[in-house]
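Below: the structure, in structure tokens.
These values consider heavy atoms only, across backbone and side chains, with no hydrogens, waters or symmetry-generated copies. Protein chains get the first letters and strands the later ones, always in sequence-line order, with residue 1 at the start of each.
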Amino acid sequence: MLGRRIRRIEVVHPDVLRESTRAFADRVRGREIRSVTRRGKNVVLHLTGEFALVVNLGMTGRLLAFPAAPERRVRPTHPAVRFRFADGGVLVFDDQRRFGAVECLDRRAWRKRSRALGPEPLARAFSARALHEATSRSRTAIRTWLLDQRRIAGVGNIYASEALHLAGIHPARPASSLTREEAGRLHRSLRSVLSAAIVLGGTTIRDYRNARGEQGNFSRRLRVYGRNGHRCPRCGATVERISLHNRAAFFCPVCQPAVAT
DNA sequence: AGTGTATCCTGCAGGC
DNA sequence: TGCCTGCAGGATACAC
């Protein structure tokens, strides 16, 4: 989609916007996509005029790109917003549940938003030591801690469970109870889980698709997420599911004991 | 400041 | 088959 100019915006479901359709469309129309980056779970399309089109997929959102010559591969099922390009192509934000969001922020607003997010776990600057210092200040369950985007950016429920399993840390452990060694293991696990998932194109449970409409292949590599009742790939014990702050957490009771190791 | 609860919305699986 | 309940990748507005 790089270099394309957005000629027309069609908003099917205004509830994925954070402002009026009119204000949104007026700000986006006529701009060109200069580059695409990511911050945490947000896809950022940098537009001419220093504007950032910020897309959060939520639970069921997807950004589907259709080039000018439609080779008809995937059809959007729940189009919420369509960006039509001057060259005939179209980018669709498709979202069954509409928990996702699409916003157009100016430079200043985007910087402010980005500053409110925690560090990128894959950035060089993100150290085990910094992670330990940060976790030591909170008594909330480590799984819940990992989901808080202000503390660390981009970790969702799937990767939180997977990283904790790899690190051998029980999801309900208070963040502040992690030893330096455990924080070190968690730091490594987060990085390896996230980078492996990126290489495999993400995790498709049901809805996730990349811009070409293809599923992510990390689903096959899940060790505990959604696998309660199955055997732990490391020790063979039965994976359990518990509810933590109203969200499921999956873990192996043997590999992830409730006390520090 | 930090934590727990409810809410937004659609669709699917499982029990009866 | 049909109805009901619970649950789902996320984030945020509240009350306390």
Exercise. In whole Å, what separates the C1' atom of dT3(B) from that of dG9(C)?
Worked result: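 Those two atoms are separated by 23 Å.
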
Rounded to whole Å, please give me the gap between [atom1] in [X] and [atom2] in [N].
X	N	atom1	atom2	result
Lys41(A)	dT12(C)	NZ	P	10 Å
Gln96(A)	dG10(C)	CD	C1'	14 Å
Arg241(A)	dG9(C)	CZ	C1'	14 Å
Asn246(A)	dG9(C)	CG	P	12 Å
Asp15(A)	dA13(C)	CG	C1'	17 Å

For this session: Whenever both distances are under 3.5 Å in a Watson-Crick or G-U wobble pair, mark it; put DNA chain B into dot-bracket that way, with [ ] for crossing pairs and | when the partner is on another strand.
Result: .|||||||.|||||||

For this session: Select from Arg206(A) and Arg98(A) the residue whose nearest nucleotide in DNA chain B is closer to the 5' end of that strand.
Result: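 Result of the comparison: Arg98(A).
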
Exercise. Among residues 138-158 of chain A, which residues get a heavy atom nearer than 4.0 Å to DNA chain B?
Worked result: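 Those residues are Ser138(A), Arg139(A), Thr140(A), Arg151(A).
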
Problem set entry | Sub-4.0 Å heavy-atom contacts from residues 207-233 of chain A onto DNA chain B, ordered by number |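 Of all residues in residues 207-233 of chain A, none places a heavy atom under 4.0 Å from DNA chain B.
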
Exercise. NA contact type, Arg62(A), heavy-atom cut-off 4.0 Å: base, sugar-phosphate, or nothing?
Worked result: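 No contact.
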
Exercise. Hydrophobic clusters join Ile, Leu, Val, Met, Phe, Trp and Tyr when side-chain heavy atoms are under 4.5 Å apart, directly or via other members; which others share one with Val44(A)?
Worked result: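 Taking Ile, Leu, Val, Met, Phe, Trp and Tyr as members, Val44(A) shares its hydrophobic cluster with Val54(A), Leu105(A), Trp110(A).
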
Problem set entry | Whichever of Thr204(A) and Arg18(A) has its nearest DNA chain C nucleotide further upstream toward 5' |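 It is Thr204(A), whose closest nucleotide lies nearer the 5' terminus.
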
Exercise. Which two nucleotides bound the region of DNA chain B that has atoms under 4.0 Å from heavy atoms of chain A, read 5' to 3'?
Worked result: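 From 5' to 3', the first and last contacting nucleotides are dT3(B) to dC12(B).
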
Problem set entry | Polar side-chain contact Arg247(A)-dA8(C) base: donor and acceptor under 3.5 Å |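 No pair found.
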
For this session: Please collect all side-chain hydrogen bond (donor to acceptor under 3.5 Å, both in side chains) contacts where either partner lies in residues 252-261 of chain A, sequence neighbours excluded, each pair once.
Result: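 Applying side-chain hydrogen bond (donor to acceptor under 3.5 Å, both in side chains) to every pair that reaches into residues 252-261 of chain A, excluding sequence neighbours, yields Arg185(A)-Thr261(A).
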
